[in-house]
Student: 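Right, I'll just put the structure down here and ask away after.
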Amino acid sequence: MQFEKPAAAASRRAPTFQANPAADARQLLGALLPRRPALRHVLQAHARLAVLGLATARALPYLLAALPRLPPGGAEACYSYPLSLFCHSSAASAFASNHLLRALPHPLPLRLFPRLPRRNPHSFTFLLASLSNHLLDADHAVGSSSASRFLGSHVHALAVKAGAAGDLYVRNALVHFYGVCGNVEAMRRVFDELPLVRDVVTWNAVLAGYVRVGMMANARELFDGMTVRDEVSWSTVIGGYVKEGEPEVALRMFRNMVMQGLRANEASIVTAMSGAAQLGLLEQGKFVHEVVRRAKMTVSVNVGAALVDMYSKCGSIAAAREVFDAMPRRDVFAWNSMICGLASHGLGNDAVELFEKFVTEGFSPTSITFVGVLNACSRTGLVDEGRWYFRLMSEKYGIDSEMEHYGCMVDLLSRAGLVQEAIDLIEGMHIVPDPVLWGTILSACKRHGLVDLGITVGNKLIELEPAHDGHYVLLASIYATAKKWDEVRKVRKLMSSRGTSKSAGWSMMEARGTVHKFLVGDMDHKESVQIYNMLGIIDRRLAEAGYVPNVSSVLHDIGDEEKIHAIKVHSERLAIAYGFIVVEAGSPIRIVKNLSVCGDCHEFSKMVTKVFSREIIVRDGSRFHHMKDGKCSCHDYW
DNA sequence: ATAGGGTTAG
């Protein structure tokens with residue numbers, strides 16, 4: 001065995017440590033620190049440098065540069081560390097100053113800025129970023145944000161005075177800042193200022209500014225005019241369409257991007273996935289998942305959570321669970337998606353079980369976790385559990401009850417017939433109750449035959465929201481159960497003179513790679529003739545099996561014959577009939593609706609699943625109906 | 001140095 005000479009070994013291990021300690025420290029830090037270091041990583045690295053004798057005054061700025069943005073109002077120790085790094089740095093360089101500005105929480109950078117021994121044009125970038133980040137973090141802390149807006153324009157003025165405003169990075173930071181403020185005019189002014197010093201980041205910042213305030217037409221025009229677009233440009237616009245409730249456009253752009261051979265990054269994957277979830281169409285969601293698979297991307301926590309949400313909102317709760325169980329690491333978002341998903345599919349017991357596991361694994365629930373859990377209890381009729389979790393939320397976790405939580409509780413209680421307890425809850429709320437809560441009470445009155453209370457609540461609601469058709473419909477049907485026909489007529493008349501807010505119902509399904517959308521009595525579809533023939537066949541078989549249309553839910557002032565005719569061509573039935581034509585036997589027929597299923601369509605669909613041994617999965621305005629063998633996962637309550 | 005992202009009752 002041969003031995004190296006000690007000197008040679010040493011020089012190979014640390015060839016340049018003697019030559020340039022600062023450069024070595026920098027190199028070592030690069031190897032030591034993860035890509036996005038946390039405070040403790042930097043502290044550990046500092047310790048390593050100290051042990052090696054490399055924690056010199058010249059090396060400290062690099063530690064400063066590696067620090068993450070520290071949280072506002074955090075422990076003072078958090079920011080005394082960056083300050084001491086700065087003070088012990090030998091060169092009071094602009095580099096060290098700038099990274100100090102970056103590490104410290106708002107408003108310290110603003111206070112320190114005038115006193116920094118060295119500044120350069122870059123310093124404005126750091127300062128503006130600090131302001132922008134603060135605005136983004138605390139978008140509801142209105143008081144401090146208006147101050148930040150003012151301070152931002154002040155920094156802008158300082159930059160102009162210092163001759164730094166023409167710097168590309170400073171300009172980009174300014175565009176971003178004004179975008180974050182929602183000050184589109186100022187943003188645009190900086191963007192258009194001569195000389196036109198711009199790069200793709202400038203364009204993307206303006207794009208994001210338009211998206212942030214919902215000016216999608218401007219965003220799109222800008223995007224279309226861009227000569228250089230990168231991944232960020234695409235994901236910004238795709239995310240904008242998702243945010244604006246136009247998932248079809250978002251997904252079309254995502255496909256377009258992929259078809260052009262451009263790389264889908266994590267942001268565009270996550271936003272497109274959320275678009276597919278919003279749309280509810282499984283094939284669209286699977287396409288996005290397929291892009292992840294083909295790119296051989298590792299399923300990160302973010303992508304995993306988005307997948308879970310997409311699969312549950314597209315009606316495949318089993319696929320959602322599969323993805324969730326396979327995730328090596330999960331964050332609160334992933335858990336929340338899974339819990340809420342189980343709840344919306346009527347799997348309340350699974351949701352509650354998962355919540356308990358979540359807590360056992362040491363996670364802290366958020367307000368959204370409780371929306372999921374309470375919703376699960378409500379959908380499954382777990383009254384005691386619901387009361388228990390509602391108390392747990394504030395008493396153990398200190399989470400304030402929000403409208404959504406009250407909504408779940410009112411639904412839970414009134415559904416179980418505990419209408420008075422639900423009313424007491426509403427009346428004891430510390431926030432102004434949403435009229436929808438009273439709407440829940442009203443439908444419970446209908447369900448439980450509480451005529452007098454129903455009449456009081458119904459009239460109150462009509463007074464509160466005269467354009468809301470649903471209130472008239474419910475009130476009239478309550479009068480109808482009490483056989484007060486004169487009152488029924490009055491309410492109907494009132495509705496036709498005032499009510500307007502009823503949106504047209506539609507049903508969607510996808511087949512053969514296309515999306516088909518049906519309206520009531522729709523004749524626009526290319527295969528309309530076949531669809532109506534199929535509907536006729538289904539109707540006859542169902543009639544043989546004893547199905548009788550129930551028109552009590554139709555409140556139009558028309559005869560029974562017409563009502564039956566109207567019900568027979570509800571969009572959902574057209575979609576089901578089309579499903580029989582195009583969906584492969586053995587596969588479920590998947591339908592997405594904008595409104596709630598009407599009572600008779602629900603009965604009809606259930607019966608179809610029994611008579612034809614066909615599975616139907618309907619996503620309506622607020623839940624899923626898995627229908628099979630004549631039974632529905634919603635337990636006939638929606 | 002600067003731009004983009006997910007979960008929420010009826």
Student: Heavy atom of residues 233-240 of chain A under 4.0 Å from DNA chain B: which residues?
Tutor: A:Ser235, A:Thr236

Student: Where the side chain of A:Tyr169 is concerned, which of B:dA9, B:dT2, B:dA3 is the nearest nucleotide?
Tutor: B:dT2

Student: Rounding to a whole Å, what distance do you find between A:Phe355:CZ and B:dT7:C1'?
Tutor: 15 Å

Student: Using the side-chain heavy atoms of A:Val232, tell me which of these nucleotides is nearest: B:dA3, B:dG10, B:dT8.
Tutor: B:dA3

Student: What nucleotide among B:dT2, B:dG6, B:dT7 has an atom nearest to a side-chain atom of A:Val270?
Tutor: B:dG6

Student: What's the closest nucleotide to the A:His176 side chain, out of B:dA3, B:dT8, B:dG6?
Tutor: B:dA3

Student: Compute the ring centroids of A:Phe355 and A:Phe370, then answer whether they are less than 6.0 Å apart.
Tutor: yes

Student: Would you kindly check if the NZ (Lys) or CZ (Arg) of A:Arg119 is within the cone defined by 45 degrees around the ring axis of A:Phe124 and under 6.0 Å from the six-membered ring centre?
Tutor: no

Student: I want to verify a distance call: between B:dA9, B:dA1, B:dT7, whose nearest atom is closest to the A:Cys408 side chain?
Tutor: B:dA9

Student: What's A:Met403 touching, base or sugar-phosphate or nothing? Going by heavy atoms closer than 4.0 Å.
Tutor: base

Student: Between the side-chain atoms of A:Asn336 and the base atoms of B:dG6, is any donor-acceptor pair under 3.5 Å?
Tutor: no

Student: Would you say a side-chain N or O of A:Arg415 is under 4.0 Å from OP1 or OP2 of B:dG10?
Tutor: no

Student: Check each of A:Asn336, A:Val323, A:Ile317, A:Asp325 against A:Val308 using the side-chain contact (heavy atoms from CB on, under 4.5 Å) test, and report the only one that passes.
Tutor: A:Val323

Student: In whole angstrom, what separates A:Phe254's CZ from B:dG5's P?
Tutor: 16 Å

Student: Heavy atoms from C-beta onward define the side chain here; which of B:dG10, B:dT8, B:dG6 lies closest to that of A:Asn375?
Tutor: B:dG10

Student: Here's one to test your reading of the geometry: is the NZ or CZ of A:Arg255 within 45 degrees of the ring axis of A:Phe287 and under 6.0 Å from its centre?
Tutor: yes

Student: Suppose we call two aromatic rings close when their centres sit under 6.0 Å apart. Are A:Phe223 and A:Trp203 close by that rule?
Tutor: no

Student: Answer yes or no: does a side-chain N or O of A:Arg379 lie under 4.0 Å from OP1 or OP2 of B:dG10?
Tutor: yes

Student: Should the pair A:Arg69-A:Asp137 be classified as a salt bridge under the 4.0 Å nitrogen-to-oxygen rule?
Tutor: yes

Student: What is the separation between atom CH2 on A:Trp335 and atom C1' on B:dT7, rounded to the nearest whole Å?
Tutor: 14 Å

Student: Using a cut-off of strictly less than 4.0 Å between a heavy atom of the residue and any atom of DNA chain B, enumerate the qualifying residues of residues 122-130 of chain A by number.
Tutor: A:His122, A:Thr125, A:Phe126

Student: Measure from the side-chain heavy atoms of A:Asn302 and tell me the nearest of B:dA3, B:dG5, B:dT8.
Tutor: B:dG5

Student: For B:dG6, take OP1 and OP2 only and decide whether either is under 4.0 Å from a side-chain N or O of A:Lys243.
Tutor: no

Student: Out of curiosity, A:Ser316 OG to A:Tyr311 OH, how far, rounded to the nearest 0.5 Å?
Tutor: 7.0 Å

Student: One pair to check against ring pair (Phe, Tyr, Trp, His ring centres under 6.0 Å): A:Phe95 and A:His99. What are the steps and the verdict?
Tutor: CA-CA 6 Å; A:Phe95 177 83; A:His99 282 96; 4.5 Å; yes

Student: In whole Å, I'd like the distance from the CE atom of A:Met273 to the P atom of B:dG5.
Tutor: 16 Å

Student: Quick one: are the ring centres of A:Phe177 and A:His156 less than 6.0 Å apart?
Tutor: no

Student: Tell me the interatomic distance from A:His405, atom NE2, to B:dA9, atom P, rounded to whole angstroms.
Tutor: 10 Å

Student: Assess the pair A:Phe324 and A:Trp335: is the distance between their ring centroids shorter than 6.0 Å?
Tutor: yes

Student: What's the closest nucleotide to the side chain of A:Ser622 if the choices are B:dG10, B:dG6, B:dT7?
Tutor: B:dG10

Student: Base, sugar-phosphate, or nothing: which does A:Ala208 touch, judged by heavy atoms less than 4.0 Å apart?
Tutor: sugar-phosphate

Student: Atom CD1 of A:Ile399 to atom C1' of B:dT7: distance rounded to whole Å?
Tutor: 14 Å

Student: Of the nucleotides B:dA3, B:dG5, B:dT7, which one has an atom closest to the side chain of A:Thr271?
Tutor: B:dG5

